[in-house]
Protein chains: 2
Amino acid sequence: MTVGIRHDDLRRRNRAMVLAAVRRSGQPSRTEITAITGLSHSTISAISSDLIAEGILREGRSEPTASKRGRPQVGLQLDPSAAAVLTVVLSLNLLTAAAIDYAGKVLAEETCRLDTLSLPREALITECVEMVRRRLGDRSLAEHRVLRIAFAVQGTADSHARTMLWTPITPHGDIPFADILEKAFGIPVIVENDCNMMAVALRWRGTDRYRDDFIAVLLSHGIGMGIVLNGELFIGTQSSGGEFGHMIHRPKGALCRCGRHGCVEAYAGNYAIWRNAHGLDENTEPAADIPDDEMLSLAEKARAGAGPERDAYEQAGSALGYSLGSLFSVIDPAPVTFVGIGATAFDLIEPALRRAIAETAGGQHSESIVFATEPKEQILIREGCAMRALTFIDQEIFALGSPAALALQES
Amino acid sequence: MTVGIRHDDLRRRNRAMVLAAVRRSGQPSRTEITAITGLSHSTISAISSDLIAEGILREGRSEPTASKRGRPQVGLQLDPSAAAVLTVVLSLNLLTAAAIDYAGKVLAEETCRLDTLSLPREALITECVEMVRRRLGDRSLAEHRVLRIAFAVQGTADSHARTMLWTPITPHGDIPFADILEKAFGIPVIVENDCNMMAVALRWRGTDRYRDDFIAVLLSHGIGMGIVLNGELFIGTQSSGGEFGHMIHRPKGALCRCGRHGCVEAYAGNYAIWRNAHGLDENTEPAADIPDDEMLSLAEKARAGAGPERDAYEQAGSALGYSLGSLFSVIDPAPVTFVGIGATAFDLIEPALRRAIAETAGGQHSESIVFATEPKEQILIREGCAMRALTFIDQEIFALGSPAALALQES
DNA sequence: AAGCTTTTTTTCGAGCTTCGAAAAAATAAT
DNA sequence: ATTATTTTTTCGAAGCTCGAAAAAAAGCTT
């Protein structure tokens with residue numbers, strides 16, 4: 001049972017609404033916020049003057065708008081120095097951290113390569129902790145309070161987004177990154193799935209395509225998915241959600257990296273395409289990692305003419321098509337954006353994908369099934385993490401109002 | 001962007017909360033409602049005395065509770081005469097309507113058999129309209145205002161739940177039942193999917209199993225599904241949702257009733273089991289309908305010993321297992337309740353189902369995958385319709401408060 | 001350049017709503 | 001009959017949103 005609405009919740013929610021409006025619209029005037037939220041001018045005026053007094057919003061430079069008659073609108077914008085967040089993205093052989101100010105601008109960034117597959121558990125943790133320590137100590141953050149850290153990783157997290165349960169990038173599982181980092185730095189941490197963060201980032205692109213319902217599919221060594229439904233990130237009953245790569249394409253079929261048989265990934269992941277392109281048996285042990293340029297040259301060969309390479313991409317397309325179609329039988333069709341190195345070969349995948357999806361119930365009346373590609377996943381993941389952390393600050397900290405905010409400021 | 005919360009929304013929401021508490025708890029006292037909603041005693045007192053004055057709630061007979069010291073609690077209950085709803089369930093060869101009072105009690109019921117597959121479009125519509133007319137004219141409703149009609153049908157409805165788009169029970173599609181009935185009787189109508197209503201009904205059973213996350217699967221001539229996630233009925237981007245029966249089990253596999261190949265239904269629907277049990281080719285045209293007793297005797301033969309009948313059930317279990325496993329890869333595992341005639345043969349299905357699901361990513365750590373059966377679907381569907389319609393009245397009409405409610409009373 | 005028009009923003013009082021504390025009500029225990 | 005205990009109602013205080021009116025800040029007109 002949801003809890004009743006108390007009187008002070010009202011202000012909190014409406015403050016959150018105003019912050020959301022400003023974050024989404026960039027530099028709306030008070031009047032525009034009135035229109036967006038449906039609240040009265042008086043209310044918006046009161047709330048925004050509070051937020052300005054608290055140093056959360058500020059009045060924007062009077063940009064030379066198309067000169068209209070009447071008092072000019074004053075744009076409100078997020079005060080970049082109100083807070084900051086840290087994003088940490090851990091992927092195969094790559095660790096990236098970035099500091100982001102409250103307005104969403106990247107202040108500083110650091111990337112380091114490491115051999116995640118062979119690194120011992122403790123060393124991996126230390127690498128992460130030390131990178132966070134370096135970023136937090138950096139002078140770019142001197143003027144900012146870091147209020148949250150978002151940690152994205154390929155694989156699954158537990159239901160409270162505090163522990164990395166399993167990931168393909170290291171044999172070690174059950175690493176409670178949230179607790180580890182919180183203990184080390186005293187800043188709230190959330191652990192997120194990388195594909196979910198891609199979807200969040202696309203949502204913030206704000207275009208029509210990414211408004212209410214869409215799907216982001218990572219085509220990489222593995223296959224991942226982030227789903228947005230009704231404008232909200234969809235996560236299953238636990239927070240892992242979207243293990244699309246392990247839907248069963250063919251019962252007892254090709255060997256997957258996860259040890260099972262017949263998963264989509266075992267047909268459409270990099271290693272699967274590579275395996276098929278080299279004419280290996282579908283039960284051959286998956287390769288550990290395949291360099292991007294090798295995949296690119298595979299795609300070139302496939303484009304050059306018929307042969308095992310082209311067939312491999314076709315198989316990938318077919319697996320993706322049937323599985324997306326099955327998914328659409330349950331959640332209804334939505335636009336799909338393919339992200340990652342595999343997206344660069346989408347021209348090779350698309351024909352078989354469309355044929356397969358057309359044979360499914362979910363894919364038949366497929367006006368709403370449109371595809372887009374986005375080759376770089378790293379930037380998207382970081383963007384998603386940043387927005388997740390920032391909106392958390394908006395909704396759960398700054399929306400609380402001045403007494404709570406001041407208490408926090410002093411701590 | 002969600003709209004801001006205005007001041008008068010507050011009362012509306014808290015009234016809705018109180019009504020929900022009473023509907024769910026049966027006969028809670030004001031103090032219990034305080035605990036459930038988290039609102040103060042004063043607020044609950046004010047709201048409930050309003051609701052009583054408006055004839056929506058009433059004080060319950062002082063039941064002889066375990067005599068405690070202190071002023072005894074007065075239970076609040078829904079006033080049965082505050083309103084009524086009509087449920088209409090259209091399924092293969094069967095049309096049922098029932099009148100339900102505001103407290104959820106069935107006032108009157110009517111069932112009629114008709115040959116839905118051969119009936120012309122207009123005749124089918126007339127049958128429905130006339131049955132509603134008879135129920136509305138019945139004297140059991142003399143004291144009640146009928147405020148809503150819920151119409152459940154196998155198949156898909158449009159996104160606003162107003163039109164039946166497609167159904168396997170008649171060749172006619174695109175029948176705007178909501179508009180037809182609203183025009184005829186001036187009462188708001190909603191068109192719902194039968195399996196969704198099964199899930200809603202189970203949710204109202206209120207047991208632990210059916211609280212936050214669970215799935216209802218209809219095993220009948222076709223296969224349907226209703227999903228509840230986080231205590232809410234899950235419907236896809238359009239309102240059809242849960243076309244689980246047409247997830248692809250085997251690409252280019254057995255012929256399905258929908259004309260496509262390889263759907264789950266083509267392995268686990270009544271006609272598929274029948275087809276396999278009779279040793280027919282998997283592309284044999286599906287039978288139109290199979291009487292329940294024929295399915296029961298098929299199950300008996302399968303129980304008697306090995307043979308094509310037992311193999312058929314095993315194939316059904318396997319298809320269901322792989323597909324559920326795939327589904328669980330995306331929405332995470334949840335308890336499953338099988339409903340309908342097929343559920344009576346669950347003992348034959350279960351072993352293969354468990355073997356298959358254990359081979360999937362979603363089914364591996366399967367503590368939360370538990371199964372239950374419920375042979376009768378009709379009662380569940382009606383119950384779900386009733387609760388859907390009644391909660392609509394709670395939330396969207398009675399929650400509005402006395403001015404609006406009085407205006408409605410007069411109309 | 002002074003006054004007028006237009007648009008945005010702020011101010012102010014009215015009307016709700018919720019809350020906490022205290023009072024009232026209703027019963028069992030003494 | 002009185003006391004203790006628990007539930008429910010009453011009442012005043014505080015906070016929020018709203019509409020109307022005022023103030024502010026520009027462009028337009030003469």
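Naming: A, B, ... by sequence-line order, numbering from 1 per chain.
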Spacing between [X] atom [atom1] and [N] atom [atom2], to the nearest angstrom:
X     : N      : atom1 : atom2 : result
A/M17 : D/dT17 : CE    : P     : 11 Å
B/Q27 : D/dT7  : CD    : P     : 16 Å
A/L39 : C/dT9  : CG    : P     : 15 Å
A/D9  : D/dG15 : CG    : C1'   : 13 Å
B/E32 : D/dT8  : CD    : P     : 9 Å
A/L76 : C/dT8  : CG    : C1'   : 12 Å
B/I5  : D/dG15 : CD1   : C1'   : 15 Å
B/E59 : C/dA25 : CD    : P     : 15 Å

Of the listed nucleotides [options], the one nearest the side chain of [X]:
X     : options                : answer
B/P72 : C/dA26, C/dT9, D/dA25  : C/dA26
A/H41 : C/dT9, D/dT8, C/dC19   : C/dT9
A/R30 : C/dT17, C/dC19, C/dT10 : C/dT10

Indicate whether OP1 or OP2 belonging to [N] is found under 4.0 Å from a side-chain N or O atom of [X].
X     : N      : answer
B/N14 : C/dT17 : no
B/R11 : C/dC16 : no
A/R13 : D/dC16 : no
A/T31 : C/dT9  : yes

Show, in sequence, the C-alpha distance, side-chain angles and deciding distance for A/R203 and A/E232, and conclude whether the salt bridge (charged side-chain N to carboxylate O under 4.0 Å, His left out) test is met. CA-CA 9 Å; A/R203 170 100 177 86; A/E232 296 274 329; over 6 Å; no

Mind telling me whether A/F398 and A/Y102 have parallel, tilted or perpendicular rings, with 30° and 60° as the class edges?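 Perpendicular: the ring planes of A/Y102 and A/F398 meet at over 60°.
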
Classify the side-chain pair A/S40/A/T43 by whether it contains a donor and acceptor separated by less than 3.5 Å.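 Yes, A/T43 and A/S40 have a side-chain donor paired with an acceptor closer than 3.5 Å.
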
Ion pair A/R13/A/D8, N-O distance below 4.0 Å: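 Salt bridge absent between A/R13 and A/D8.
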
Does B/E54 pair with B/R15 as a salt bridge, N-O distance under 4.0 Å?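 Result for this pair is yes, salt bridge flagged.
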
Kindly state which residues belonging to residues 42-52 of chain A come within less than 4.0 angstrom of DNA chain D, counting heavy atoms of the residue only, listed by number.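 A/S42, A/T43, in order of number.
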
Any N or O donor-acceptor pair linking the side chain of A/R71 to the base of C/dT7 at under 3.5 Å?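 Not at all, since no donor on one side and acceptor on the other fall under 3.5 Å apart.
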
Please state whether the base of C/dG15 and the side chain of B/H7 form at least one donor-acceptor pair under 3.5 Å?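 Answer is yes: a donor-acceptor pair is held.
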
Toward the 5' end of DNA chain D, which comes first, B/R69 or B/V74, by nearest nucleotide?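 With B/R69 and B/V74 compared, the 5'-side residue is B/R69.
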
Where is the tightest heavy-atom contact between A/G104 and A/L390, given as atom of each residue plus distance?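 In terms of heavy atoms, the two residues are closest at CA-CD1, 3.9 Å.
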
Shortest non-hydrogen separation from B/A98 to B/R382 and the atoms involved: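 It is CB-CD, 3.6 Å.
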
Set of side-chain hydrogen bond (donor to acceptor under 3.5 Å, both in side chains) partners for A/R58, sequence neighbours left out: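 Only A/Q77 meet the side-chain hydrogen bond (donor to acceptor under 3.5 Å, both in side chains) criterion with A/R58.
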
